[in-house]
Protein chains: 2
Amino acid sequence: MARPRTARTVEHPDLSEVSLQQVLEALVDPVRRLVVAQLAAADEDMSCGTFEAPVSVSTLTHHFNVLREAGVIRQYYVGTTKLNALRADDMEQRFPGLLGAVLAASAAEGGAVPA
Amino acid sequence: MARPRTARTVEHPDLSEVSLQQVLEALVDPVRRLVVAQLAAADEDMSCGTFEAPVSVSTLTHHFNVLREAGVIRQYYVGTTKLNALRADDMEQRFPGLLGAVLAASAAEGGAVPA
DNA sequence: GCCATAGTACGACCGCCGTCGAACCGCGGC
DNA sequence: GCCGCGGTTCGACGGCGGTCGTACTATGGC
């Protein structure tokens, strides 16, 4: 069949259901901001395993969930890996300038992985 | 003396010493955002006692401290009262667009005291 | 069928932050 | 000098969120 039984879909909130509080809580954690920064810097969607972050894998999963539920990222399965994309456009529509400002500030103080 | 002995001055950080982390932590608390929103809506500096917030006075004092240390507000004594002002310009220079975006989003979802 | 790989779920731990009340301080009236 | 009002300080408490390891599930390759 075209639609595999265990299609492993992921739930994403409509941005109208997301509160400013949620987004700020999502962005206030340094690890999550690291994730978002790397995602913004990449020109392609990234799989969960390719992120640089000083935490364990299970913790990272947790952070992805928070970001997804806050509408900051979109996730989808491709085979055995899960890809992540920034919902920059959606965010811009719901909270104009917010993500951009955080990203800019984040980059300005060495936001991405400091190598 | 022109300078009264117990001048009750207040320490304010230079915005260059303030991290994005600090500012986000300051703005993530709903009560503090309420304070900032009221300050932004007012056309004059406000004394500590005139804010609408669902917390005790001592808690409010704590929030003011956090906001001040994050460089979001400026405080100064006038007689027996303490006045509060937004450091909007300073913030704009250090983190362009950030405070504005938060304020706008905050206002959009009924930021100020819902009467 | 079987294994390796990618990610998830669950439960436990722990530190931090927001909250409060009570005691206190300092200034300005009177 | 004394009081009262505006704010602060201090200590205690409680809950929530970030962290981890371990056990688990799902997919794809062989």
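Basis for what follows: all heavy atoms, side chains included, without hydrogens, waters or symmetry-related copies. Each chain gets a letter, A, B and so on, in the order its sequence line appears, and its residues count up from 1.
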Report, as a single string ordered 5' to 3', how protein heavy atoms within less than 4.0 Å touch nucleotides 5-11 of chain D: B base, S sugar-phosphate only, - not at all. -SSBB--
Between atom [atom1] in [X] and atom [atom2] in [N], what is the gap in whole Å?
{"X": "B:L24", "N": "C:dC17", "atom1": "CG", "atom2": "C1'", "answer": "16 Å"}
{"X": "B:Q22", "N": "C:dC16", "atom1": "CD", "atom2": "P", "answer": "16 Å"}
{"X": "A:E25", "N": "C:dC17", "atom1": "CD", "atom2": "P", "answer": "14 Å"}
{"X": "A:D29", "N": "D:dT19", "atom1": "CG", "atom2": "C1'", "answer": "11 Å"}
{"X": "A:L67", "N": "C:dT8", "atom1": "CG", "atom2": "P", "answer": "13 Å"}
{"X": "A:H63", "N": "D:dG17", "atom1": "NE2", "atom2": "P", "answer": "13 Å"}

List, by chain and then residue number, the residues other than A:V78 in its hydrophobic cluster (Ile/Leu/Val/Met/Phe/Trp/Tyr, side-chain heavy atoms under 4.5 Å); write none if there are no others.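 Hydrophobic cluster check, A:V78: joined to A:Y76, A:L83.
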Find which nucleotide of DNA chain D each of A:V78 and A:V66 is nearest to by heavy atoms, and output the residue with the more 5' nucleotide.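 Nearest-nucleotide comparison on DNA chain D picks A:V66.
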Residue pairs passing the ring pair (Phe, Tyr, Trp, His ring centres under 6.0 Å) test where at least one lies in residues 24-51 of chain B, sequence neighbours excluded: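 Found B:F51-B:F64.
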Ring pair (Phe, Tyr, Trp, His ring centres under 6.0 Å): pairs with one or both residues in residues 87-108 of chain A, sequence neighbours excluded: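 Applying ring pair (Phe, Tyr, Trp, His ring centres under 6.0 Å) to every pair that reaches into residues 87-108 of chain A, excluding sequence neighbours, yields nothing.
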Going by atom types alone, do A:T61 and A:S58 pair a side-chain donor with an acceptor below 3.5 Å?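 No, no side-chain donor-acceptor pair sits under 3.5 Å.
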Report the residues that fulfil side chain to side chain contact (heavy atoms under 4.5 Å, CB included) with B:A85, sequence neighbours left out, ordered by chain and then residue number.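 Partners of B:A85 by the side chain to side chain contact (heavy atoms under 4.5 Å, CB included) criterion, ordered by chain and then number, come out as B:D45.
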Side-chain donor-acceptor contacts of residues 12-20 of chain A below 3.5 Å, not counting sequence neighbours, with atom names and distances?
unit_1: A:H12; atom_1: ND1; unit_2: A:V10; atom_2: O; d: 3.3
unit_1: A:H12; atom_1: NE2; unit_2: A:Q75; atom_2: N; d: 2.8
unit_1: A:H12; atom_1: NE2; unit_2: A:Q75; atom_2: O; d: 3.4
unit_1: A:D14; atom_1: OD1; unit_2: A:S16; atom_2: N; d: 2.9
unit_1: A:D14; atom_1: OD1; unit_2: A:S16; atom_2: OG; d: 2.9
unit_1: A:S19; atom_1: OG; unit_2: A:Q22; atom_2: N; d: 3.1

Side-chain N,O (B:S56) to OP1/OP2 (C:dC20) below 4.0 Å: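 Result: yes.
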